[in-house]
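All figures in this text were calculated on a predicted structure; none of them were measured in a lab.
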Amino acid sequence: MDMFKRLRPMKSVKELLHQVNSWAEQIELLTDQQLRDKTTTFKKRLEQGETLDDLLPEAYAVVREADRRVLGMFPYDVQVMGAIVMHQGHIAEMSTGEGKTLTATMPIYLNALTGEGVILVTTNEYLAKRDAEEMGQVYEFLGLSIGVPFAADGEDLEASDKRVIYASDIIYTTNSGLGFDYLIDNLASNEEGKFLRPFNYAIIDEVDSVLLDSAQTPLIISGSPRVQSNYYGMINTLMTTMVEGEDYIFKEEKGEVWLTEIGAHSAEAYLGIDNLYAKNNGEFARHLIYALRAHKLFKRDKDYIVRQGDMGAEVVLLDRATGRLMELTKLQGGLHQAIEAKELVKLSPETRAMASVTYQSLFRKFKKISGMTGTGKTAEKEFLDTFGMQVIQIPTNRPKQRVDYPDNLYVTLPEKVYASLECIRTYHALGNPLLIFVGSVEMSELYSNLLLREGIAHNLLNANNVAREAEMIAESGQMGAVTVATSMAGRGTDIKLGPGVAELGGLVVVGTERMESQRIDLQIRGRSGRQGDPGISKFFVSLEDDVIKKFGPEWVHNFYKDYNVEDRVHYQELTGRRYRKLVEKAQRASDSASRFSRRQTLEYAECMNIQRELIYGQRDHLIYQDQDLNETIDSVLHDYIENVVKEGSLTKKEDLYHFILNNISFQIDQIPENLDLLDERAVASLIYHFAYEELNRKKEILEAFDLVRYFQCLAMLKAIDDNWVEQVDYLQQLQQAIGGQQASRKNPIVEYYQEAFAGFEAMKSQIKKDMVRNLLLSQILVSPDGEIVAHFP
């Protein structure tokens with residue numbers, strides 16, 4: 001039956017739509033109070049055994065009517081169809097401007113009736129707050145609570161505040177906000193510090209952006225600073241003396257750079273060492289590799305910007321897919337510091353990764369997820385394979401009128417730029433509003449300067465100027481408006497045409513290059529022609545654009561290398577069968593490479609997921625266990641002491657004495673003379689005796705303050721957390737290091753799993769050792785004002 005529905009999904013959707021519509025007249029006759037009372041009725045019916053599917057037709061009709069009364073907007077049939085698809089756990093592909101925000105009110109309300117919580121995930125904080133404020137009126141009208149886990153003043157919320165928010169029926173948040181809250185919740189040292197409920201149902205707005213474009217950037221909470229290296233500046237100076245093609249090879253189209261033998265010898269001479277790749281020179285080699293990557297693979301205003309702040313200049317990463325700033329995100333392992341050294345800004349501290357999760361892993365923790373986007377069909381197979389979600393295309397409420405012109409293709413970047421400027425001048429003279437999309441901050445500045453030279457007033461929207469994003473995009477449909485923007489612009493923001501614009505042909509979208517994914521191009525086109533409005537879109541492409549340089553065939557690279565632009569009197573478009581499908585083929589190759597990379601990221605992350613679940617489960621067991629922790633402590637002591645004794649390293653009196661002082665108790669003066677050190681049971685019994693004496697001494701002090709369990713839990717959590725921080729950091733470093741085996745005959749995933757498993761087993765042993773030391777060797781003191789102070793070894 002499921003397979004039949006999968007083959008013909010729209011048939012069942014239309015049947016449900018008919019049922020929803022059949023309730024419309026009856027629901028319309030209800031008073032406001034009777035409409036609100038429906039929520040209580042639905043909850044009772046669920047308690048009596050009905051399912052959400054049983055309630056869907058009537059519940060959707062109720063929300064539809066509430067939308068009309070509260071917001072003055074009655075969802076169209078196509079919006080109801082999108083809402084049905086989302087409730088079923090799939091992705092609704094709805095064109096830009098079709099009202100996805102309003103569509104989501106129906107599955108959110110229906111699933112919130114269970115009381116287990118529904119989370120609506122958006123891509124930025126502005127949209128989350130805006131949608132919660134607007135749509136929240138509907139939920140509150142129907143008797144449901146809504147929360148937004150962001151403080152109004154930008155300050156961090158306390159755990160108690162977040163607990164109240166996340167206990168709401170409906171939560172509006174961002175993907176990054178939810179991810180970091182998940183990590184923070186699992187770093188809590190007691191029940192008061194935890195605030196999340198078990199994940200139930202999430203709707204992800206712009207689902208392709210979150211689960212695909214952001215899939216390879218893990219969320220990382222950093223801390224525990226490393227000792228800062230002083231090699232960055234020195235190695236950066238060395239890098240500036242090196243010659244491309246002689247000291248190192250750079251393949252821009254492949255994104256690869258490596259040192260040659262001549263370069264290695266140059267580095268050895270500069271550093272005064274014999275062998276750069278000797279084990280004791282590993283730090284030099286690491287810094288040099290990062291310096292090469294920083295200088296050649298990371299470009300200012302494309303991969304990052306240098307921003308002036310109160311504390312001086314800083315390097316802030318850019319999301320290439322959206323052009324947005326990746327605030328609080330840093331490259332790991334020293335690469336970020338290498339970029340800072342290149343840009344001559346103050347180095348930020350190198351830190352360890354304390355906790356990490358990918359969006360793929362995070363959202364697979366929900367019982368059910370669904371999504372909405374304007375561009376998901378091209379990635380349906382990946383959504384189906386990874387998350388079990390179909391992408392179902394919802395028809396538009398009105399026929400699409402936008403005209404999508406074929407691309408104009410040129411050989412060089414300057415030819416393309418001047419051709420696109422000619423197009424911009426033409427439409428601007430007619431009065432059409434123009435939305436000009438560029439691929440980087442650098443190109444946005446270039447186009448802005450060229451437009452100023454032409455005397456064309458415009459708004460510039462890039463990562464350097466995001467404060468007025470929604471306002472700029474909303475204004476971009478007015479007659480004569482010109483907006484230059486990176487691909488970040490306008491997702492989730494309604495563009496309405498000003499008076500007289502429709503008669504001119506609507507909003508004109510000019511793409512100044514094809515992006516590395518066809519989905520992003522479709523998003524760019526979709527800014528024009530919303531809800532049946534007229535519109536125009538046109539792309540200008542050159543053989544020097546990133547997607548063609550990286551993923552185009554070899555003959556293209558040779559063609560533009562040998563091309564002499566001075567032979568052309570005027571820029572000339574490339575035409576013919578050979579060029580017609582060039583961009584599409586390059587984008588297909590790019591999408592294929594991205595899919596492979598995301599699959600690898602998922603495979604790497606799966607290992608981390610298994611270890612994370614075990615560690616977080618161990619933490620929760622300690623935090624939520626109602627009774628005292630004596631049984632857990634007995635088990636830890638037994639495993640640790642038995643393993644140490646079996647190792648046979650305690651057969652000498654001085655060895656046993658040192659072991660007890662270092663791990664069990666400082667209170668021991670000597671080992672009994674009559675102890676048979678070859679009798680393992682006798683040695684183990686003596687260690688147990690000293691251990692429980694030490695535990696009882698601490699209990700006597702702590703019982704007066706009713707802090708025995710709290711101390712025991714804290715001591716063991718500290719052991720888990722200290723070791724897990726090291727393990728997370730180790731896995732991050734291991735993934736980077738082992739990725740270099742791609743070209744070897746070894747399977748890097750297999751190698752990674754083997755090393756990660758060995759590291760996890762070693763960590764488990766170390767956790768038990770540290771638990772024992774924290775429980776036994778810690779010092780419990782009572783301060784003069786009567787407070788308990790614990791010092792852990």
[X]-[Y] side chain donor-acceptor pair, cut-off 3.5 Å:
{"X": "R525", "Y": "S537", "answer": "yes"}
{"X": "D131", "Y": "T122", "answer": "no"}
{"X": "T217", "Y": "Y359", "answer": "no"}
{"X": "T483", "Y": "N459", "answer": "no"}
{"X": "S542", "Y": "D545", "answer": "yes"}

Under 3.5 Å, side chain of [X] to main-chain N/O of [Y], donor-acceptor pair present?
{"X": "K377", "Y": "V391", "result": "yes"}
{"X": "Q401", "Y": "G532", "result": "yes"}
{"X": "Q79", "Y": "G99", "result": "yes"}
{"X": "S440", "Y": "K302", "result": "no"}
{"X": "Q531", "Y": "G97", "result": "yes"}
{"X": "D546", "Y": "M515", "result": "no"}

Can you tell me how far apart CD1 (I146) and CG (L144) are? Round to the nearest 0.5 Å.
9.5 Å
About how many Å separate CG of N432 and CD1 of I424, when rounded to the nearest 0.5 Å?
12.5 Å
Step by step, would you call T375 with D521 a side-chain contact (heavy atoms from CB on, under 4.5 Å)?
CA-CA 9 Å; T375 52; D521 288 347; over 6 Å; no
Note: [X]-[Y] ion pair, threshold 4.0 Å (strictly below):
{"X": "E133", "Y": "K129", "value": "no"}
{"X": "R130", "Y": "E134", "value": "no"}
{"X": "E584", "Y": "R514", "value": "yes"}
{"X": "E544", "Y": "K416", "value": "no"}

Stepwise, does the side-chain contact (heavy atoms from CB on, under 4.5 Å) test hold for T512 with M443?
CA-CA 9 Å; T512 63; M443 289 303 296; 5.5 Å; no
As a test of understanding, state which of R398, E98, K400, K496 forms a side chain to side chain contact (heavy atoms under 4.5 Å, CB included) with R530.
K496
Test side-chain contact (heavy atoms from CB on, under 4.5 Å) applied to Y410 and E573, step by step:
CA-CA 5 Å; Y410 302 87; E573 184 182 352; 3.9 Å; yes
Is there a side-chain contact (heavy atoms from CB on, under 4.5 Å) between I27 and R64 once you walk through the steps?
CA-CA 9 Å; I27 297 299; R64 229 177 167 188; over 6 Å; no
With a 4.5 Å heavy-atom cut-off, do V63 and P75 have their side chains touching?
no
Ring-plane angle category for Y60 and H87, please: parallel below 30°, perpendicular beyond 60°, tilted otherwise.
perpendicular
Parallel under 30°, tilted from 30 to 60°, perpendicular over 60°: which one fits the rings of F383 and F387?
tilted
Would Y201 and S370 count as a side chain to side chain donor-acceptor pair (under 3.5 Å) if you check the C-alpha gap in whole Å, the side-chain angles of each, and the deciding distance to 0.1 Å?
CA-CA 8 Å; Y201 174 48; S370 61; 2.8 Å; yes
With side chain to side chain donor-acceptor pair (under 3.5 Å) as the test, pick out the partner of E15 among K11, Q19, H18.
K11
